Amino acid sequence: MKLYNTRTRKIEALKPLKDNLIRIYSCGPTVYDRAHIGNLSSFIFVDTLRRTLDIAGFSVKHAMNITDVDDKTIRRSHEQYPAQNPRSALEKLTNKYTAAFQADMQAVGNDMDSLTLLRATDPRALEAMQQLILKLHEQGFAYTADDGVYFSIEAYRKSGKTYGQLLELSPNSTSRARIQNDEYDKASLHDFALWKKQKDGEPAWEFSLGGHDLTGRPGWHIECSAMSRLLLGQPFDIHTGGIDLVFPHHENEIAQSTADETNPLLATVFAHNEHILVDGKKMAKSAHNFYTLQDITKRGYDPLAFRLLVLQAHYRSQIHFSWENMEAAQHRLNDLQAIADLRHQPQISEMPGELNHLFKTTRQEIYDAMLDDLNSPLALTSLNKLFNYLAGIATPGVEGRYSEGILTFLDNVFGLQLSNRPDISNPQKQAIVTRQKARVAKDWKKSDELREQIKQQGIGLRDTPHGAVWHRL
RNA sequence: GGCGCCUUGGCGGAGUGGUUACGCAGAGGUCUGCAAAACCUUUUACACCGGUUCAAUUCCGGUAGGCGCCUCCA
């Protein structure tokens, strides 16, 4: 398995730190609103990574945080639940959007069963964060200010470690905007908050450091450092996230997680996915090109078609989302589903001999493509070549040969849910048989009527030398 | 200003020093009771300019254009 590593800027062979186990930590959503399609694409990437590791024979442990406390979340909870006390307002808001997140994840085919989710405000998580902050403070990497606790990059550097492992920071890179926006009382520019003291009306959790009451809430970066250590141990194998998280988020995580350790490693591999562009531009609410999964399903598209759209591009290149491309992906998905549905249809006795061979080479090609830095577009090519062949031999009845497990294999890799599609109903099957009899009797009127009836139920028919083959419209 | 990435046919998108993926869309045709599907053909693809080479879309240099990060945005 080869994977591009942001840390080394190279494609590297993946070597587990421990036995055959790959531990993955993914930066999860901030649940103050519905996830947008960019978030989802990021999670589709991670899910695909996990699937690929699976078929490559690794055992995988995958953890993800849910950020359920931050400025935006707090603000939104006040707006939506003004009568509630801050903690329960926050909880109501984040419960709602956590559920929405899980529903969206499921809809786009991400396997939730293999994912350990932990909320930032979970007592176990908060405990881990506070312990880490205390330790960092004790060792001189953290200092208190009027409004909270900060991480000292200077102290980190003096201890001989490198701040800027993922991104080289130049002295000139500091923008004036950043200084002007700096509302906090920190000692130097890049220092960041580990813990923020409660302000009026904010939800807060008890915390004291050196006898001082610091009741408040955690900073964003400390979440991931503490939770990844809690859930996976340290160092772990792969840390994922969107490309925008490289700096400062992951850089700061590295600093927090390695300051108190002799081992300078947080994770072996940092894997980042590129962003989705909408009509060639960055998605933004102000640009009116900001979409959620709901916007996609409202227009009648299958969430799995969105998954396919994402898989059609390499995860390290920008994905071009547009309604035209969405339409194309939906059509492609329809075709794949129609071929998959052949497994429910009557068998012919003679199977072309090369089919087994084709199943084998398809598997191998997909395996090779995916293990080569997740080349999903290339892997999909192999899938299409196989399906083109199946469609070409107009085959009701590849069912028996599907026992090769090819559909299951494809689902394990792509998550497009081709193997578990339901059969049509018995009355529908009966209607097809009746129509076939009418056709044999050259009763075209009756035959066409029946075809129209079945069409009304969303089932299309095409006549082949082996009989009628149905597909969903 | 600093760091990095990208530019492939109508759209999307792999890949390769010589054999020109794949998907979607358009046009024409074959086949068919009709339809559908399939198949065939088709719409001068590799931003531009140099260089290396027997040969470059693929390697090197430059030009133009686009994008990302450098602000708690996946």
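Convention: sequence-line order gives letters A, B, ...; per-chain numbering from 1. The shown structure was predicted, so the numbers you read here are calculated from the model rather than taken from an experiment.
- A/Thr116 pairs by the side chain to side chain donor-acceptor pair (under 3.5 Å) definition with nothing, not counting sequence neighbours.
- In this structure, A/Lys445 does not reach the B/rC34 phosphate: none of its side-chain N or O atoms is under 4.0 Å from OP1 or OP2.
- Checked against B/rG23, B/rA21, B/rA74, the side chain of A/Leu378 finds its nearest nucleotide in B/rA21.
- Using a cutoff of 4.0 Å between basic side-chain nitrogens and carboxylate oxygens, A/Lys197 and A/Asp147 are not scored as salt-bridged.
- Non-hydrogen atoms lying under 4.0 Å from RNA chain B are contributed by A/Arg451, all within residues 449-458 of chain A.
- With ring centers used as reference points, A/His221 lies 6.0 Å or more from A/His250.
- Rounded to a whole angstrom, the distance from the P atom of B/rG12 to that of B/rU20 is 24 Å.
- Taking the C1' atom of each, B/rA74 and B/rG15 are spaced 28 Å apart, rounded to whole Å.
- Side-chain N/O atoms of A/Asn325 include none lying less than 4.0 angstrom from OP1 or OP2 on B/rC24.
- Checking the phosphate oxygens (OP1, OP2) of B/rA74, a side-chain nitrogen or oxygen of A/Asn39 falls inside 4.0 Å.
- Within 4.0 Å of A/Thr30, counting heavy atoms only, lies no atom of the nucleic acid at all.
- Heavy atoms of A/Ser317 sit under 4.0 angstrom from primed sugar atoms or phosphate atoms, though from no base atom.
- The two residues A/Phe414 and A/Met370 make their nearest non-hydrogen contact at CE2-SD, 4.5 Å.
- A distance of about 31 Å separates the C1' atoms of B/rA21 and B/rU32, rounded to the whole Å.
- A salt bridge is defined here as a Lys NZ or Arg NE, NH1 or NH2 lying under 4.0 Å from an Asp or Glu carboxylate O, and A/Asp70 with A/Arg75 fails to meet this definition.
- Below 30°, between 30° and 60°, or above 60°: for A/Tyr163 and A/Phe247 the angle between ring planes is above 60°, a perpendicular geometry.
- Under a 4.0 Å N-O distance rule, the pair A/Arg439/A/Asp463 qualifies as a salt bridge.
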Could you pull out the protein-nucleic contacts involving nucleotides 67-69 of chain B (nitrogen or oxygen on both sides, under 3.5 Å)?
unit_1	atom_1	unit_2	atom_2	d
B/rC67	O2'	A/Gln318	NE2	2.4
B/rC69	OP1	A/Lys282	NZ	2.5

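- For the ring-ring contact (aromatic ring centres under 6.0 Å, His included) with A/Phe321, the qualifying choice from A/Tyr291, A/Phe290, A/Tyr301 is A/Tyr291, the only one to do so.
- The strand RNA chain B forms stems, runs of 3 or more Watson-Crick or G-U wobble pairs with distances below 3.5 Å, at B:1-7 with B:64-70, B:10-12 with B:22-24, B:26-30 with B:38-42, B:47-51 with B:59-63.
- Legend: residues meeting side chain to side chain donor-acceptor pair (under 3.5 Å) with A/Lys442, ordered by chain and number and at least two apart, are absent.
- Between B/rC46 and B/rU57, the two C1' atoms lie 4 Å apart (nearest whole Å).
- Cation-pi geometry between A/Arg363 and A/Phe409 is met: the NZ or CZ atom falls under 6.0 Å from the ring centre, inside 45° of the normal.
- The pair A/Arg307-A/Asp47 meets the salt-bridge criterion, with a side-chain N (NZ, NE, NH1 or NH2) lying under 4.0 Å from an Asp/Glu carboxylate O.
- Side-chain N or O atoms of A/Asp373 include one that pairs as donor or acceptor with a backbone N or O of A/Tyr4 at under 3.5 Å.
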Just the atom pairs and distances: protein N or O near nucleotides 6-10 of chain B's N or O, under 3.5 Å.
none

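- When the side-chain nitrogen and oxygen atoms of A/His331 are compared with OP1 and OP2 of B/rA25, one or more of them lie within a distance under 4.0 Å.
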